[in-house]
Peer 1: 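Please read through the structure below; I'll follow up with questions.
Keep in mind that the numbers below use all heavy atoms, side chains included, and drop hydrogens, waters and symmetry copies.
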Amino acid sequence: MSTEGRFRQAAATARRVWALAAPYFRSEEKWKARGLLAAIILLNLAAVYMLVQINDWYRVFYDALEKRDQPVFWAQLGRFAWLALIYVVIAVYRFYLTQMLELRWRQWMTREYLQRWLAGQAFYRMELARFTPGREAADNPDQRIQEDLNLFTTYSVSLSMGLLNAVVTLASFVGILWSLSGAFGFDWRGQHYTISGFMVWMAVLYCVVGSVLAHYIGRSQIWLNFRQQRLEADFRHHMIRVREYSESIALDKGEPVEHRNLGERFANVLANSLRLIRAQKNLTWFSTFFGQAAVVFPFIVAAPRFFSGAIQLGELMQIASAFDKVQTSLSWFVESYSELAIWRATTDRLTSFEAAVSAAQQQGSGMLHPEAGAALAADDLTVALPDGQVLLAGQALAVRPGESVVIGGPSGSGKSTLFRTFAGLWPFARGRVQAPASAMFIPQRAYFPDGTLRAALAYPGEPGAHSDAALRQALDDAQLPQLKDRLDDVDAWSLRLSGGEQQRLAIARVLLKKPAWVFADEATSALDEDAEQAVYRRLVSLTKEGGGALVSIAHRSNVAGFHDRRWQLQAAPAGAPARYTLAA
């Protein structure tokens with residue numbers, strides 16, 4: 001890559017980092033954030049000032065040792081005790097306030113990211129992006145919000161304060177080293193040359209060479225860290241899926257397959273970890289050698305002046321201390337390269353997550369949103385799949401209050417997708433849809449949060465919004481009398497209840513909230529015939545009392561008997577603009 005290309009890449013990275021970091025310091029918490037940041041900066045400056053004082057102490061203390069000046073020796077020990085105490089206090093509060101800033105920043109960013117991810121069903125459209133050609137999906141949003149935000153805030157604060165400390169330390173000690181190092185003279189081709197501040201130039205040369213070598217040795221760690229985070233998240237996600245579907249896997253005796261799948265994912269984790277360890281080992285070889293050589297380098301360079309008597313032992317030790325501070329400051333890039341690689345990979349992952357959220361929000365602003373109305377109606381409705389295949393084209397539909405409709409058709413013909421369109425979820429639909437506001441959808445597999453049964457039943461409303469009598473009546477009407485006395489039991493209900501019980505609990509949720517319109521997507525497929533008829537009688541009665549309608553997706557004939565009309569999805573003839581037509 002050319003120098004101009006590298007500059008553009010660095011500028012783009014800086015813009016991405018600024019776009020991620022700046023909002024917190026302009027948010028409603030900006031004064032707390034800026035105050036903490038200012039305090040940390042002041043403490044860093046104070047710490048550097050104390051290091052300057054300790055550097056001066058080196059000269060006086062070692063001169064006293066060389067001269068065997070006992071009073072000065074003991075006086076300097078007392079001075080050092082005060083300097084060390086002040087430095088310790090500064091270090092402790094610098095650590096504490098840094099941790100507080102990282103914690104508050106992470107809290108704010110997590111709250112903002114959760115809000116953006118969940119707002120307007122963006123999280124749902126981001127999952128659909130995995131099946132949409134031309135759109136890059138953000139893998140494992142949970143990991144990016146939970147882990148990447150933590151890494152970003154932690155490393156952003158630590159690296160920026162480390163860089164600030166390095167710059168201030170360099171500015172503070174370079175003058176000291178310049179004045180102490182003297183001039184270096186040499187003859188070359190009959191001419192005498194003198195280099196002022198020789199030790200400073202040696203430190204610069206030493207660190208510039210080290211930084212360039214560290215970059216070329218360790219640059220592979222950036223993409224390896226990016227890949228490591230993704231592979232770790234994939235491995236964890238698959239284990240969560242095994243836990244969620246434990247019963248299905250056990251019934252199918254799928255343990256060997258899951259063991260193999262998990263083993264393959266973990267093998268990928270280990271393989272990438274091994275490559276990352278090797279890359280870190282190579283950088284550790286260099287950085288350790290670089291650091292150890294820096295210990296003796298100033299003594300080697302300054303030794304001739306010491307043995308000639310030009311400087312005393314105290315000045316030699318002060319030169320060594322100042323050189324160490326200058327060299328450490330200039331070597332910040334070398335010493336922090338591994339952390340920079342992790343931070344860069346985390347920044348890239350958060351940037352791509354930001355782009356995915358923004359794309360999902362933009363897609364949501366341009367998608368079909370049903371208009372509020374007293375009935376269900378669709379005009380010139382076209383529904384497609386994420387890959388562009390058209391399921392229905394130019395369809396006109398209508399359901400009036402008091403009616404009940406059952407939708408039938410072959411699997412994969414778009415029945416559930418039609419429901420998603422009515423709910424305003426499906427981004428690949430065009431046309432005009434009117435839907436009633438008082439409606440509830442019962443999906444094929446309902447979601448129940450872990451916690452109390454009353455919270456699972458009232459979801460997404462507040463558990464306290466319904467009386468115990470109303471909750472128990474809903475369970476009774478949904479054929480779940482055995483759960484009436486367990487309202488305050490805490491459990492993972494998606495795992496505790498059978499498939500039929502979960503479907504009845506989802507129906508109990510509807511009966512509790514009494515919407516006028518109900519859309520049921522295979523909502524009783526796991527129930528026996530008697531239970532199915534009982535709950536459907538309650539749903540029909542509920543919608544008629546509320547002046548709404550019942551719209552169901554079902555294959556069973558006994559369910560069709562509870563409906564007045566039938567919509568049938570049929571394969572369209574060859575050459576038609578869509579794969580299916582809807583006979584209403």
Peer 1: Applying ring pair (Phe, Tyr, Trp, His ring centres under 6.0 Å), can you list everything that pairs with Y155, at least two apart in sequence or on another chain?
Peer 2: none
Peer 1: With respect to F441, which candidate in F519, Y447, W517 satisfies the ring-ring contact (aromatic ring centres under 6.0 Å, His included) definition?
Peer 2: F519
Peer 1: Just wondering, do E522 and S552 contact through their side chains at under 4.5 Å, heavy atoms?
Peer 2: no
Peer 1: Going through the distances and angles, do F428 and Q363 end up as a side chain to side chain contact (heavy atoms under 4.5 Å, CB included)?
Peer 2: CA-CA 9 Å; F428 310 103; Q363 186 183 41; 3.7 Å; yes
Peer 1: Can you tell me how far OG of S160 sits from CG of L37, rounded to the nearest 0.5 angstrom?
Peer 2: 7.0 Å
Peer 1: To the nearest 0.5 Å, how far apart are CG in L418 and CG in L582?
Peer 2: 7.0 Å
Peer 1: If only side-chain N and O atoms count, and only distance matters, is there a donor-acceptor pair under 3.5 Å linking N558 with E529?
Peer 2: no
Peer 1: For a 4.5 angstrom cut-off between non-hydrogen side-chain atoms, does Y113 reach L149?
Peer 2: yes
Peer 1: Test salt bridge (Lys or Arg N to Asp or Glu O under 4.0 Å) on R496 and E501 and set out the steps.
Peer 2: CA-CA 9 Å; R496 171 67 64 184; E501 288 175 323; over 6 Å; no
Peer 1: Going by atom types alone, do D477 and Q473 pair a side-chain donor with an acceptor below 3.5 Å?
Peer 2: yes
Peer 1: Is it true that E232 and R349 have a side-chain N and a carboxylate O under 4.0 angstrom from each other?
Peer 2: no
Peer 1: Taking atom CZ of F25 as the centre, report whether more than 12 heavy atoms of other residues, nucleotides or ligands fall under 6.0 Å from it.
Peer 2: yes
Peer 1: Can you confirm whether V269 sits close enough to D234 that some side-chain heavy atom of one is under 4.5 Å from a side-chain heavy atom of the other?
Peer 2: no
Peer 1: Have a look at F562 and tell me which of L539, V540, V406 forms a side chain to side chain contact (heavy atoms under 4.5 Å, CB included) with it.
Peer 2: V540
Peer 1: Counting only heavy atoms not in R116 (residues, nucleotides, ligands), do more than 12 fall under 6.0 Å from its CZ?
Peer 2: yes
Peer 1: Atom CG of L550 and atom OG of S404: how far apart are they, to the nearest 0.5 Å?
Peer 2: 6.0 Å
Peer 1: Which residues satisfy the side-chain contact (heavy atoms from CB on, under 4.5 Å) test with A22, sequence neighbours excluded?
Peer 2: W18, R26
Peer 1: Consider only side-chain N and O atoms of R144 and S352, and report whether a donor and an acceptor are under 3.5 Å apart.
Peer 2: yes
Peer 1: Please name the pair of heavy atoms, one in A523 and one in I442, separated by the smallest distance, quoted to 0.1 Å.
Peer 2: CB-CG2, 3.7 Å
Peer 1: Ignoring hydrogens, what is the shortest heavy-atom contact between T382 and G394? Give both atom names and the distance.
Peer 2: OG1-N, 3.3 Å
Peer 1: Regarding H563 and E403, do their side chains bring together a donor and an acceptor under 3.5 Å, going by distance alone?
Peer 2: no
Peer 1: Which of these, D489, D491, D488, sits in a salt bridge (charged side-chain N to carboxylate O under 4.0 Å, His left out) with R454?
Peer 2: D488
Peer 1: On a heavy-atom basis, which atom in A572 and which in A578 lie closest, and how many Å separate them?
Peer 2: CB-O, 3.2 Å
Peer 1: Ion pair present between R472 and D476, side-chain N to carboxylate O less than 4.0 angstrom?
Peer 2: no
Peer 1: Please list, chain by chain and in numerical order, all residues satisfying salt bridge (charged side-chain N to carboxylate O under 4.0 Å, His left out) with R579, sequence neighbours excluded.
Peer 2: none
Peer 1: Checking S525 now: which residues fulfil side-chain hydrogen bond (donor to acceptor under 3.5 Å, both in side chains) with it, not counting sequence neighbours?
Peer 2: Q503
Peer 1: Just say parallel, tilted or perpendicular for the rings of W105 and Y24, cut-offs at 30° and 60°.
Peer 2: parallel
Peer 1: Quick one: pull up OH in Y124 and CG in L118 and give me the separation to the nearest 0.5 Å.
Peer 2: 15.5 Å
Peer 1: Minimum heavy-atom separation for A374 and P401, please, with both atom names.
Peer 2: O-CG, 3.4 Å
Peer 1: Under 4.0 Å between a Lys/Arg side-chain N and an Asp/Glu carboxylate O for R16 and D348?
Peer 2: yes
Peer 1: Let me see the working for F422 and L376 under side chain to side chain contact (heavy atoms under 4.5 Å, CB included), right down to the final yes or no.
Peer 2: CA-CA 8 Å; F422 294 156; L376 175 67; 3.9 Å; yes
Peer 1: Which heavy atom in D564 sits nearest to a heavy atom in G402, and how many Å separate them?
Peer 2: OD2-O, 3.9 Å
Peer 1: Cut-off 3.5 Å, side chains only: do Q502 and S494 have a donor facing an acceptor?
Peer 2: no
Peer 1: Between P427 and L128, is any pair of side-chain heavy atoms under 4.5 Å apart?
Peer 2: yes
Peer 1: Using atom types as modelled and distance alone, determine if a side-chain donor or acceptor of R125 lies under 3.5 Å from a backbone N or O of G120.
Peer 2: yes
Peer 1: Take a 6.0 Å sphere around CZ of R400 and say whether it holds more than 12 heavy atoms from other residues, nucleotides or ligands.
Peer 2: no
Peer 1: Is there side-chain contact between L453 and F448, with at least one heavy-atom pair below 4.5 Å?
Peer 2: no
Peer 1: Would a 4.5 Å heavy-atom cut-off, applied to side chains only, mark E29 and S27 as touching?
Peer 2: yes
Peer 1: Using the rule given for side chain to side chain contact (heavy atoms under 4.5 Å, CB included), can you reason through L397 versus W567, listing the C-alpha separation, both sets of side-chain angles and the distance that settles it, and then say yes or no?
Peer 2: CA-CA 9 Å; L397 304 168; W567 292 350; 3.9 Å; yes
Peer 1: Test your reading of the model: is there a side-chain donor-acceptor pair from R565 to the backbone of V405, 3.5 Å cut-off?
Peer 2: no
Peer 1: From I40 CD1 over to T98 OG1, what is the distance, rounded to the nearest 0.5 angstrom?
Peer 2: 4.0 Å
Peer 1: Between W426 and L368, is there a side-chain heavy-atom distance shorter than 4.5 Å?
Peer 2: no
Peer 1: For the residue pair L391 and G412, what are the closest heavy atoms and their distance?
Peer 2: CD2-O, 4.3 Å
Peer 1: Please enumerate all residues that pass side-chain contact (heavy atoms from CB on, under 4.5 Å) together with Q568, with sequence neighbours excluded.
Peer 2: R566, Q570
Peer 1: Under the salt bridge (Lys or Arg N to Asp or Glu O under 4.0 Å) criterion, do E371 and R432 qualify, and how do the steps go?
Peer 2: CA-CA 8 Å; E371 303 169 7; R432 180 175 175 271; 3.2 Å; yes
Peer 1: Using side chain to side chain contact (heavy atoms under 4.5 Å, CB included), reason through R106 and F152 one step at a time and then give a plain yes or no.
Peer 2: CA-CA 8 Å; R106 180 191 179 188; F152 175 76; over 6 Å; no
Peer 1: Within a reach of under 6.0 Å around CD of E462, are more than 12 heavy atoms found that belong to other residues, nucleotides or ligands?
Peer 2: no
Peer 1: Could you grab the distance from atom CG of L457 to atom NZ of K513, nearest 0.5 Å is fine?
Peer 2: 8.0 Å
Peer 1: Checking side-chain polar atoms at under 3.5 Å, does D521 have a donor or acceptor matched by the opposite partner on S416?
Peer 2: yes
Peer 1: Can R556 and E532 be counted as an ion pair, charged N to O under 4.0 angstrom?
Peer 2: yes
Peer 1: Could you check if a side-chain atom of F123 sits within less than 4.5 angstrom of a side-chain atom of P141, using non-hydrogen atoms only?
Peer 2: no
Peer 1: Which pairs, with at least one residue in residues 265-275 and sequence neighbours excluded, count as a side chain to side chain donor-acceptor pair (under 3.5 Å)?
Peer 2: R227-N272, Q228-N272, Q228-S273
Peer 1: For H369, I'd like to know if atom NE2 has over 12 heavy atoms of other residues, nucleotides or ligands within 6.0 Å.
Peer 2: yes
Peer 1: So, E28 and W108: side-chain donor and acceptor under 3.5 Å apart, yes or no?
Peer 2: yes
